[in-house]
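One structure below.
Throughout, a chain's letter reflects where its sequence line sits, starting with A, and its residues are numbered from 1. These numbers were taken from a predicted model, which means no experiment stands behind them.
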2 protein chains.
Amino acid sequence: MSQATASRAATARRGVGVPKARADAARNRERILHAAREAFVAHGAEASLDEIARSAGVGNATLYRHFPDRDVLVHGVMHFVTDRIVELGEQALRESAEPFEALACFVRGAAEERIGALCPMLSDRFDPDEPENLASRRRVEQLTQELLRRGQEAAQVRADIGVGDVMVALSQLTRPLPGVRCGQLDRFTARHLQLYLDGLRAPAPSRLPGHAATLEELRPDD
Amino acid sequence: MSQATASRAATARRGVGVPKARADAARNRERILHAAREAFVAHGAEASLDEIARSAGVGNATLYRHFPDRDVLVHGVMHFVTDRIVELGEQALRESAEPFEALACFVRGAAEERIGALCPMLSDRFDPDEPENLASRRRVEQLTQELLRRGQEAAQVRADIGVGDVMVALSQLTRPLPGVRCGQLDRFTARHLQLYLDGLRAPAPSRLPGHAATLEELRPDD
DNA sequence: CTCCAACCGGAGAGCTCGTCCCCGTTTTGC
DNA sequence: GCAAAACGGGGACGAGCTCTCCGGTTGGAG
């Protein structure tokens with residue numbers, strides 16, 4: 001996301017008339033979001049807030065000042081990640097000539113942006129019907145849908161997969177495995193994503209069990 | 001694993017001269033191992049023991065009687081899973097004519113046996129040099145190696161992957177995603193495994209980054 | 001069938017860890 | 001240079017986890 005776009009989005013979310021945050025406050029807010037993103041990917045939505053503050057290099061009070069409770073932080077990370085993912089997807093649609101390559105770019109980028117952190121989106125701690133959340137999910141879903149559709153129409157992506165297949169597998173493959181040093185695991189992640197992507201190519205060499213699903217179907221209260 | 005084999009293995013581990021356990025005790029031990037396996041896959045080696053006892057349908061005291069502390073339980077689950085995986089792999093080698101199909105059978109079976117529970121094998125809580133642990137890891141590794149080698153020699157499996165690629169991805173793809181109901185996720189797991197397997201087929205449609213790794217390289221103290 | 005040793009499970013003590021607030025100190029921007 | 005805003009360390013409080021104690025129950029040998 002460009003600096004200007006980010007700034008506009010931030011202003012929009014803060015609302016009008018609210019005084020601009022001080023420079024150090026903005027910087028800390030950003031640091032906390034990054035740290036929280038990593039923590040949520042690694043430990044789920046119940047990661048320790050003190051731990052997040054520590055790895056962000058700020059005091060715990062600073063975290064609580066920016067995000068009064070856990071839910072606010074979860075939502076903050078959610079929208080932070082969603083914004084970046086959407087930007088990424090639009091860029092992939094815009095710049096990649098080959099539909100499969102566009103999907104691959106998106107997948108690799110989404111992995112870097114820790115799309116796995118969106119899994120709290122599917123948790124109890126998250127109201128799926130709140131308008132802003134609904135909009136976030138829809139945006140990511142439609143974007144992925146579009147990338148898939150193009151690939152499938154060009155017969156570069158197998159026809160029997162859906163949005164849910166991409167999103168869920170992507171989340172799984174990029175999560176740290178407990179007990180493995182992160183550095184070690186990152187070396188694997190890129191390989192596994194590539195292997196998975198290779199499995200998505202058309203023509204399909206096998207028949208998949210079950211059926212493709214949307215993100216909607218993954219909601220806990222189904 | 002056959003009943004007889006399981007019994008022999010159990011006797012071997014219990015040692016000679018120790019009186020046979022009562023039927024209900026043996027049954028509870030088994031239940032606890034199953035529950036602990038699920039919990040370790042879901043939450044890593046630090047899963048709550050009381051929670052394990054509850055989902056096993058036994059009192060917590062029963063758990064502590066069978067497994068005096070967490071380490072003993074971790075080891076118990078480890079060897080329980082290892083035994084089943086090895087049996088599975090040997091069966092796949094024995095019964096499948098096609099090398100790729102053998103690998104696929106093994107992978108699917110290992111997923112059912114929650115091979116992801118072996119990730120504590122890579123954790124701090126685990127002495128990788130203790131002879132029995134070393135042997136377990138070696139057995140699984142050699143078996144997977146052999147399945148891979150056959151597939152690769154028959155040019156059915158791409159040449160640029162290693163044991164670590166299979167084991168790690170398998171663990172990741174079969175782990176429950178936090179916030180997703182298990183029932184929902186199981187439907188996906190089979191699909192994703194198949195997609196990943198399709199990515200393993202020869203000829204390789206892409207070049208993988210990095211290099212194949214053994215389980216040895218995944219040890220935390222590298 | 002009877003009996004007792006082995007086993008079981010609930011309840012609770014002790015402790016660790018996570019959450020959240022208070023307040024003296026530092027930083028920012030005008 | 002100063003006032004307002006933000007910072008961070010420390011600590012009270014509570015939740016949850018580990019592990020133990022003990023009265024009741026069950027399996028199976030004789």
Side-chain angles (χ1 to χ4, degrees), chain A residues 7 10-11 14-15 17-36 38-77 120 123-125 178, chain B residues 7 10-11 14-15 17-36 38-40 42-77 120 123-126 178:
Chain A
S7 165
T11 304
R14 207 169 50 236
V18 180
K20 194 177 63 183
R22 249 170 58 172
D24 54 345
R27 184 169 7 103
N28 279 338
R29 191 191 148 88
E30 202 81 355
R31 278 190 196 166
I32 292 170
L33 283 173
H34 273 88
E38 304 302 312
F40 288 157
V41 174
H43 308 116
E46 311 299 319
S48 154
L49 297 189
D50 270 33
E51 177 62 33
I52 291 174
R54 203 173 316 123
S55 70
V58 304
N60 54 5
T62 302
L63 190 152
Y64 284 98
R65 203 170 307 111
H66 284 285
F67 305 96
D69 65 25
R70 180 181 290 278
D71 285 355
V72 177
L73 179 59
V74 169
H75 280 72
V77 170
S123 86
D124 300 328
R125 177 173 294 287
Chain B
S7 165
T11 304
R14 208 170 50 237
V18 179
K20 191 176 58 172
R22 248 171 60 171
D24 54 346
R27 188 179 44 237
N28 279 338
R29 190 190 149 87
E30 202 80 355
R31 277 190 195 166
I32 291 170
L33 283 173
H34 273 88
E38 304 302 313
F40 288 157
H43 308 115
E46 312 299 320
S48 153
L49 297 189
D50 270 32
E51 176 62 36
I52 291 174
R54 202 172 318 125
S55 69
V58 303
N60 53 6
T62 302
L63 189 153
Y64 285 100
R65 202 172 306 109
H66 285 286
F67 305 96
D69 65 25
R70 180 182 291 278
D71 285 355
V72 177
L73 179 58
V74 169
H75 281 72
V77 171
S123 86
D124 301 329
R125 177 172 295 287
F126 194 83

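- Heavy-atom distances under 4.0 Å link DNA chain C to A:Asn60, A:Ala61, A:Tyr64 of residues 51-65 of chain A, given in residue order.
- Taking 4.0 angstrom as the limit, A:His66 places none of its side-chain polar atoms (N or O) nearer than this to OP1 or OP2 of D:dA6.
- To the nearest angstrom, P of D:dA6 lies 13 Å from CD1 of A:Ile32.
- Remark: the backbone N or O of A:Val74 is not paired with any side-chain donor or acceptor of A:Asp71 at under 3.5 angstrom.
- Distance B:Glu46 CD to D:dG16 C1': 15 Å, rounded to the nearest Å.
- Distance A:Leu73 CG to C:dC20 P: 11 Å, rounded to the nearest Å.
- For B:Ile52 against B:Ile32, the heavy-atom pair with the smallest separation is CG2-O, 4.2 Å.
- Atom CG of B:Asp50 is separated from atom C1' of C:dC15 by 14 Å (rounded to the nearest Å).
- Note on B:Ala26: nothing from the nucleic acid sits closer than 4.0 angstrom, heavy atoms only.
- Listed here is the closest heavy atom pair of A:Gly59 and A:Ala53: O-CB, 3.9 Å.
- Between B:His43 and B:Ala47, the closest heavy-atom pair is CB-CB, 4.0 Å.
- For the pair B:Arg65 and B:Thr62, the minimum side-chain heavy-atom distance is below 4.5 Å.
- For the pair A:His75 and A:Phe67, the minimum side-chain heavy-atom distance is 4.5 Å or more.
- Classification of A:Glu30 and A:Arg27 as a salt-bridged pair fails, no side-chain N sitting under 4.0 Å from a carboxylate O.
- From A:Leu63, atom CG reaches atom CD of A:Glu51 across 11.5 Å, with rounding to the nearest 0.5 Å.
- Side-chain atoms of A:Asp69 come within 3.5 Å of backbone atoms of A:Val72 as a donor-acceptor pair (strictly under, hydrogens ignored).
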Interface polar pairs with nucleotides 26-29 of chain C, N/O, under 3.5 angstrom:
unit_1	atom_1	unit_2	atom_2	d
C:dT27	O2	A:Arg22	NH1	3.4
C:dT27	O2	A:Arg22	NH2	3.1
C:dT28	O4'	A:Arg22	NH2	3.4
C:dG29	OP1	A:Ala23	N	3.1

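- Taking atom CG on B:Asn28 and atom C1' on D:dT25, their separation rounds to 13 Å, with Å as the unit.
- In this structure, CG of A:Leu49 is placed 14 Å from C1' of C:dC21, rounded to the nearest angstrom.
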